[in-house]
Asks: 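I'd like to ask some things about the structure below.
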Amino acid sequence: MVRARDERIDDAVLSATLELLGENGYAELSIGSVATKAGVHRPAIYRRWPSKRHLVVDVVVGHIGTDPTPDTGDLRADLVAGITTLVVGLSETVVGRILPALVADLAADPELARDFQSAFFQPRRDSTAAVLESARLRGDIRSDFDLDFVLDALASPIYYRALFRHLPLDALLAEQSVDSVLLTLTPHENS
């Protein structure tokens with residue numbers, strides 16, 4: 001008989017991980033320290049997450065979310081709302097501070113990168129893609145655009161600033177990113 005997964009353990013481990021990341025940073029995080037802080041045994045963590053890096057990916061997913069973009073029919077407002085979740089999730093937060101180290105681990109570990117893509121990156125893209133498709137069907141935007149490029153262009157300035165911290169992550173950046181992309185999506189005039 002398979003025992004049901006205890007969500008209380010999951011919640012305790014994820015909370016402990018977020019706290020420890022805030023206290024000690026990514027490099028100092030260990031499964032042992034998480035187990036101690038969460039009040040669970042290390043095997044309970046390893047049954048759920050194969051490594052600390054996988055655990056951190058789930059913390060990112062839980063902190064920032066995977067379904068950011070509403071579909072209210074107001075494309076600009078919907079895109080700004082979706083991109084703002086990324087700005088808020090990465091601005092002056094534990095997740096924002098550990099992002100560079102996590103990205104380095106993603107580059108070095110193809111399995112982790114696939115897990116990150118499927119758990120975080122792709123669901124967020126799918127959410128925004130659905131809103132863009134609705135706008136395309138309504139005729140609010142051109143129908144002949146490169147969806148992957150548009151999705152990249154919307155989020156890239158936020159990720160860039162989150163990684164390099166050369167300028168602030170703020171609401172204005174979300175609006176500028178959306179407005180820049182929307183300029184390229186304006187429907188063609190019929191001649």
Asks: Taking C-beta and beyond as the side chain, do R97 and V94 meet within less than 4.5 Å on heavy atoms?
Replies: yes

Asks: Within the 3.5 Å criterion, strictly below it, is a donor on D78 or T72 matched to an acceptor on the partner's side chain?
Replies: yes

Asks: Looking only at atom types and distance, does a side-chain atom of S15 sit under 3.5 Å from a main-chain N or O of A12, one as donor and one as acceptor?
Replies: no

Asks: Please determine whether side chain to side chain contact (heavy atoms under 4.5 Å, CB included) holds for the pair R125 and D152, giving the CA-CA distance in whole Å, both sets of side-chain angles, and the decisive distance to 0.1 Å.
Replies: CA-CA 9 Å; R125 288 173 72 85; D152 287 346; 2.6 Å; yes

Asks: Quick one: closest heavy-atom pair of A129 and L147, and the distance?
Replies: CB-CD2, 3.9 Å

Asks: Please check if atom CD in E7 has more than 12 non-hydrogen atoms from other residues, nucleotides or ligands closer than 6.0 Å.
Replies: yes

Asks: Could you tell me whether the side chain of Q117 reaches within less than 4.5 Å of the side chain of V57, counting heavy atoms only?
Replies: no

Asks: For F145, I'd like to know if atom CZ has over 12 heavy atoms of other residues, nucleotides or ligands within 6.0 Å.
Replies: yes

Asks: Name the orientation class of the two ring planes belonging to Y159 and F121 (parallel below 30°, tilted from 30 to 60°, perpendicular beyond 60°).
Replies: tilted

Asks: Give the intermediate values and the outcome of side chain to side chain contact (heavy atoms under 4.5 Å, CB included) for residues L55 and L14.
Replies: CA-CA 8 Å; L55 178 56; L14 292 169; 3.8 Å; yes

Asks: Start with the C-alpha gap between E133 and R136, add the side-chain angles, then the distance that decides, and say whether salt bridge (charged side-chain N to carboxylate O under 4.0 Å, His left out) holds.
Replies: CA-CA 5 Å; E133 177 62 14; R136 186 188 67 75; 2.5 Å; yes

Asks: Considering non-hydrogen atoms only, spot the tightest contact between Y26 and A101 and give its length.
Replies: CD2-CB, 3.3 Å

Asks: Within the distance-only criterion (no hydrogens, no angle test), does the side chain of R142 pair as donor or acceptor with the backbone N or O of L185 below 3.5 angstrom?
Replies: no

Asks: Any idea which heavy atoms bring D71 and R138 closest together, and the distance?
Replies: OD1-NH1, 3.9 Å

Asks: Determine whether a donor-acceptor pair (N or O, by modelled atom type, separation under 3.5 Å) exists between the side chain of S127 and the backbone of P123.
Replies: no

Asks: Using a 3.5 Å distance criterion without hydrogens, assess whether the side chain of S134 forms a donor-acceptor pair with backbone atoms of A130.
Replies: yes

Asks: Do you reckon L86 sits in the same ILVMFWY cluster as L167, going by side-chain contacts under 4.5 Å, direct or chained?
Replies: no

Asks: Look only at the side chain of K52 and the backbone of L29, and say whether a donor-acceptor pair between them is shorter than 3.5 Å.
Replies: yes

Asks: May I ask whether I158 and F164 are part of the same hydrophobic cluster, defined by side-chain heavy atoms of I, L, V, M, F, W, Y residues being less than 4.5 angstrom apart, directly or through others?
Replies: yes

Asks: Evaluate side chain to side chain contact (heavy atoms under 4.5 Å, CB included) for D170 paired with L173, printing each intermediate quantity in order.
Replies: CA-CA 5 Å; D170 55 24; L173 180 61; 3.6 Å; yes

Asks: Between atom CG of L21 and atom NE2 of H63, what is the distance when rounded to the nearest 0.5 Å?
Replies: 10.5 Å

Asks: OG1/T69 to CD1/I83 distance, rounded to the nearest 0.5 angstrom?
Replies: 6.5 Å

Asks: Quick one: do V13 and W49 satisfy side chain to side chain contact (heavy atoms under 4.5 Å, CB included)? Show the steps, please.
Replies: CA-CA 10 Å; V13 169; W49 296 278; 3.5 Å; yes

Asks: I need the I45 CD1 to T17 OG1 distance, nearest 0.5 Å.
Replies: 6.5 Å

Asks: Please report the closest heavy-atom contact between G89 and I64, naming both atoms and the distance.
Replies: CA-CG1, 3.8 Å

Asks: What I'd like to find out is whether the side chain of R114 reaches to under 4.5 Å of the side chain of P110, using heavy atoms alone.
Replies: yes

Asks: Is the CZ atom of R76 crowded by more than 12 outside heavy atoms at less than 6.0 Å?
Replies: yes

Asks: Spell out, as yes or no, whether a donor-acceptor pair under 3.5 Å connects the side chain of S91 to the backbone of V88.
Replies: no

Asks: Please report the shortest heavy-atom distance between H54 and E111, naming the atom on each side.
Replies: NE2-OE2, 3.9 Å

Asks: Taking atom CD of E23 and atom OG of S33, what is their separation to the nearest 0.5 Å?
Replies: 9.5 Å

Asks: When rounded to the nearest 0.5 angstrom, what is the spacing between CG in L151 and CG in L132?
Replies: 6.0 Å

Asks: May I ask whether L75 and F149 are part of the same hydrophobic cluster, defined by side-chain heavy atoms of I, L, V, M, F, W, Y residues being less than 4.5 angstrom apart, directly or through others?
Replies: no

Asks: What pair of heavy atoms forms the shortest contact from L106 to A113, and how long is it?
Replies: O-CB, 3.5 Å

Asks: Roughly how far, to the nearest 0.5 Å, is the CZ atom of R124 from the CG atom of D67?
Replies: 9.0 Å

